[in-house]
Protein chains: 2
Amino acid sequence: METRIERLCMANGLKMTGPRRAIARVLSEATGHPDVDELHRLAHRLDPRISLATVYRTVRLFEQHGILERRNLGSRRARYEMSGEHDHFHLIDQDSGKVIEFDEPETEQLMRRVAARHGFELVSLKIELFGRKARSEPARAEPERAGKIPAR
Amino acid sequence: METRIERLCMANGLKMTGPRRAIARVLSEATGHPDVDELHRLAHRLDPRISLATVYRTVRLFEQHGILERRNLGSRRARYEMSGEHDHFHLIDQDSGKVIEFDEPETEQLMRRVAARHGFELVSLKIELFGRKARSEPARAEPERAGKIPAR
DNA sequence: ATAAGTGCAAAAATTTTGCTTGTAA
DNA sequence: TTACAAGCAAAATTTTTGCACTTAT
């Protein structure tokens, strides 16, 4: 079976080598936001000859071709995820460190307009919300007018 | 004269030492988003005995107390800026690497609601837009319906 | 007085690179 | 065949730490 990333590599004219295939597979199957170490560990299971240097070179390459995106998500090391058709948000639980992903297409459009207002064409965006679980009920639609603003 | 950061340090019960005062001053006067090296270089001018280790320890401390915020802004190293009353955006010019800051209070409110919708109380947020100068005119209000979407 | 901060140098952690060998197109 | 990729180990970068000494409270 061929992964989406592999197709993207072909489309970008990248040589499809064993290591790249393995790393592409690992990325495709990753649920969260792996860092380089995780990628290496996993790819290493598919082919123990794969070196850490190759993982670094590969993610850099993939990133340059827009196949991957690098994030930080509050952690020190860089973390990676496949680029989607459109951007999405990350909501990081400050207590657990867990990352929740979700779409918000309207906001993306809004950001596009904001950039345009400053004379820029939006290429990509990163929106990271840091928060903690609200003690009150989860809030159905768009409750709390403006609510108490947390201390920051 | 006493800087805002110094006041914040006092308010947080932090010992006001020479190095901290110098670093606070440097941060107050910084226009952009200095990284640790820059901070050290500048603080070093105020007092040549200040070590890089102290700068690292100090920014970590300030960050823990919410006095400073750490950003990446597309660069590899961490960059710092004072926390403001409210969050603001960063628009990074992909060609020049220059960072433009601006407020967008309504969006902050919107993000607060988005977080609430997922059962979270927003503590802070990072919004980074990456773009390049539009070739057309800077666009006055909210032009280009949806415009050609860059290749990504 | 004393708990906390600092400098220095050493170490850890993260990322890149030089060079030789291997390999996809 | 040949330009590009990989492995390995060494180097470069970025950040943290141990320890003896200093300093703000």
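What you see is a predicted model; the values in this text were computed from it and never measured. A note on names: the letters A, B, ... follow the listed sequences, proteins ahead of strands, and every chain is numbered from 1.
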* Would you find more than 12 non-hydrogen atoms of other residues, nucleotides or ligands less than 6.0 Å from A:Arg7 atom CZ? -> yes
* To do: Take the protein atom CG of B:Asn72 and the nucleotide atom P of D:dT15, then report the distance between them rounded to whole Å.
  => 9 Å
* Where do A:Arg20 and A:Leu14 land on the side chain to side chain contact (heavy atoms under 4.5 Å, CB included) test, with the steps shown first? -> CA-CA 9 Å; A:Arg20 284 188 190 164; A:Leu14 303 180; 4.1 Å; yes
* Once you round it to whole Å, what is the distance between P of C:dT16 and CZ of A:Arg70? -> 7 Å
* Look at the side-chain N and O atoms of B:Tyr56 and state whether any lies under 4.0 Å from the OP1 or OP2 oxygen of D:dT15. => yes
* **Selection from C:dT23, D:dA24, C:dT16 that lies nearest to any side-chain heavy atom of A:Arg60** => C:dT16
* Nearest-Å distance, CG (B:Asp37) to C1' (D:dT14)? -> 9 Å
* **Separation of atom CG in B:Asp35 from atom P in C:dT14, rounded to whole Å** => 19 Å
* Structure fact -> Taken to the nearest whole Å, CG/A:Leu52 to C1'/C:dA13 is 12 Å
* Of B:His33, B:Glu128, B:Glu81, which meets side-chain hydrogen bond (donor to acceptor under 3.5 Å, both in side chains) against B:Arg71? -> B:Glu81
* Asked: Taking the nucleotide of DNA chain C with the closest heavy atom to each, which residue, B:Val55 or B:Lys15, is nearer the 5' end?
  -> B:Lys15
* To do: Could you say whether B:Arg77 or B:Gly18 is positioned toward the 5' end of DNA chain D, judged by the nucleotide with the nearest heavy atom to each?
  => B:Arg77
* If you check every side-chain atom of B:Pro19, which of C:dG7, C:dT15, C:dT23 has the closest atom? -> C:dG7
* **Pair A:Arg132 + A:Asp95, salt bridge at N-O below 4.0 Å** => yes
* Asked: Nearest to the side chain of B:Arg20 - D:dG7, C:dG5, C:dT23?
  -> C:dG5
* Do the side-chain N or O atoms of A:Arg76 get closer than 4.0 angstrom to the phosphate oxygens (OP1, OP2) of D:dT16? -> yes
* Asked: In whole angstrom, what separates B:Leu39's CG from D:dT15's P?
  -> 11 Å
* Asked: Between B:Met10 and A:Leu14, who's closer to the 5' end of DNA chain D by nearest nucleotide?
  -> A:Leu14
* To do: Give a yes/no answer on whether the side chain of B:Thr17 brings an N or O atom under 4.0 Å of OP1 or OP2 in C:dT6.
  => yes
* Select one nucleotide: of C:dT17, C:dC8, C:dA4, the one nearest the side-chain heavy atoms of A:Ala53. => C:dT17
* Structure fact -> Of the candidates D:dA6, C:dA25, C:dG7, the side chain of B:Arg57 sits closest to C:dG7
* Base C:dG22 paired with A:Arg49 side chain (donor-acceptor, <3.5 Å) -> no
* Asked: Does B:Glu6 come within less than 4.0 Å of B:Arg25, counting only side-chain N to carboxylate O?
  -> yes
* Asked: Between C:dA25 atom C1' and A:Arg21 atom CZ, what is the distance in whole Å?
  -> 12 Å
* Value in whole Å for how far the P atom of C:dG5 lies from CG of B:Asp47 -> 17 Å
